[in-house]
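Side chains are part of it too, since the values below use all heavy atoms of this structure and drop only hydrogens, waters and symmetry mates.
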Amino acid sequence: MASDREVLREIWEGKLPVCFQLNQDEVIDLQVPEKYYLMVPRLSYFPLVTDKVRKHFVKYIHADKQEAEMWLEYNNIALKWHYPIGVLFDMYNNNDIQLPWNITVHFEKFPEDELLHCTSRETVESHFLSCLKEADVLKHKTQIVTNMQKKDHTQLWLGLQNDKFDQFWAVNRKLMELGSEDSFKYIPFRCYYKDEHMIQRLIRPVTDNGDRKTLQDLLKELYPESPDLERWRVTTHGIEPPKDTPLQWMSEHMSYPDNFLHLILTLKA
């Protein structure tokens, strides 16, 4: 299982400063609302951290829109709430995002073709547990999440929702255990490249000879025709791991709470 607790905790404690501002076209008050600043966990989801943002801005919009679903936009791009916050930031950070991250808040013109609806925290919980189960199927022959008690599911969710490292990892460590195996069956990962195009494949963490595969090996399997793999830049949690990092270690130590590795791919100039 993931034994290096310091790495786990450092990743868990990653935060981003965000400046929320209401879309000017939706302001009905003569007084423009002040911007709202928050430090948000990279590992969380926007619907879990924006209750206060909604309360701050809702009094400045039309009364018939105050019950509308709030959605967020950065640089004319609607932000997908079902992606972890850190993934969204890394996806759009081409070394030119100034901190705090400036995000526009909307209550009108919900982009039906771009975003899934999220009407409550229960929607986020359902998505999160679905991802956990998918990752578990990839990693283990015996499905651990399915065999867990309801209280374990609840503890995982509350640990994430309330940003409680010990509460979450008391249960999540079970999902990182190898049992009699030396590695996971497959590595749960999602790669994002160009306009959020997401890539998923079945990739084992070891070769047929039993050698540990690395991040470089993952790139070779994803892009076997690429002539220059050294030009690929892989980012996760705002850092660029060395290409010789073992996939098994990364899965145990650098996965998001949904138990997936979220990897942002860019090509170096």
* Asked: Charged N to carboxylate O below 4.0 Å: is that the case for Lys109 and Glu26?
  -> no
Without placing hydrogens or testing angles, list every side-chain donor-acceptor pair under 3.5 Å for residues 46-53, not counting sequence neighbours.
| from | atom 1 | to | atom 2 | distance (Å) |
| --- | --- | --- | --- | --- |
| Thr50 | OG1 | Phe46 | O | 2.8 |
| Asp51 | OD2 | Arg121 | NH2 | 3.1 |

* With sequence neighbours left out, write down each residue that passes side chain to side chain contact (heavy atoms under 4.5 Å, CB included) with Thr146, or none if nothing qualifies. => Gln143
* Locate the shortest heavy-atom distance separating Asp90 from Gly238; write the atom from each residue and the value. => OD2-N, 3.0 Å
* Side chains of Asn102 and Gln98: closer than 4.5 Å at any heavy-atom pair? -> no
* Asked: Between Phe168 and Phe128, what is the ring plane arrangement, given parallel below 30°, perpendicular above 60°, and tilted in between?
  -> tilted
* Asked: When the aromatic ring centroids of Trp101 and Phe89 are compared, is their separation below 6.0 Å?
  -> yes
Do any side-chain atoms of residues 62-73 form donor-acceptor pairs under 3.5 angstrom with protein atoms, and if so which ones, sequence neighbours left out?
| from | atom 1 | to | atom 2 | distance (Å) |
| --- | --- | --- | --- | --- |
| Gln66 | NE2 | Val58 | O | 3.2 |
| Gln66 | NE2 | Ile61 | O | 3.4 |
| Glu69 | OE1 | His117 | ND1 | 2.6 |
| Glu69 | OE2 | Cys118 | N | 2.7 |
| Trp71 | NE1 | Glu108 | O | 2.9 |
| Glu73 | OE1 | His106 | NE2 | 2.9 |
| Glu73 | OE2 | Asn75 | N | 3.4 |
| Glu73 | OE2 | Asn76 | N | 2.7 |

* Asked: Would you find a donor on one side and an acceptor on the other, under 3.5 Å apart, between the side chain of Gln155 and the backbone of Gln167?
  -> yes
* Among Tyr36, Tyr37, Phe20, ring-ring contact (aromatic ring centres under 6.0 Å, His included) partner for His56 -> Tyr36
* Answer yes when Arg204 and Glu221 have at least one side-chain N-carboxylate O distance shorter than 4.0 Å, and no when they do not. => no
* To do: Give the ring-plane orientation class for His253 versus Trp249, where under 30° counts as parallel, over 60° as perpendicular and anything between as tilted.
  => parallel
* **Contacts of Thr214 that satisfy side-chain hydrogen bond (donor to acceptor under 3.5 Å, both in side chains) - sequence neighbours left out** => Asp217
* Pair His140 + Phe184: ring centers closer than 6.0 Å -> yes
* Asked: Just wondering, do Leu247 and Ile203 contact through their side chains at under 4.5 Å, heavy atoms?
  -> yes
* Asked: Just wondering, do Leu263 and Thr235 contact through their side chains at under 4.5 Å, heavy atoms?
  -> no
* Asked: Taking only residues two or more places apart in sequence or in another chain, which ones pass side chain to side chain contact (heavy atoms under 4.5 Å, CB included) with Asp166?
  -> Arg5, Arg9
* To do: Check whether the side chains of His82 and Tyr45 place a donor and an acceptor atom closer than 3.5 Å, and report yes or no.
  => no
* Asked: Are the side chain of Asp25 and the backbone N or O of Asn23 linked by a donor-acceptor pair below 3.5 Å?
  -> no
* Asked: Where does the angle between the aromatic ring planes of Tyr193 and Trp232 fall among parallel (under 30°), tilted (30 to 60°) and perpendicular (over 60°)?
  -> perpendicular
* To do: Go through the structure and list residues passing ring-ring contact (aromatic ring centres under 6.0 Å, His included) with His153, not counting sequence neighbours.
  => none
* Would you mind reporting whether Ile187 and Gln248 have side-chain heavy atoms less than 4.5 Å apart? => yes
* Check: Tyr256 ring centre within less than 6.0 Å of His237 ring centre -> yes
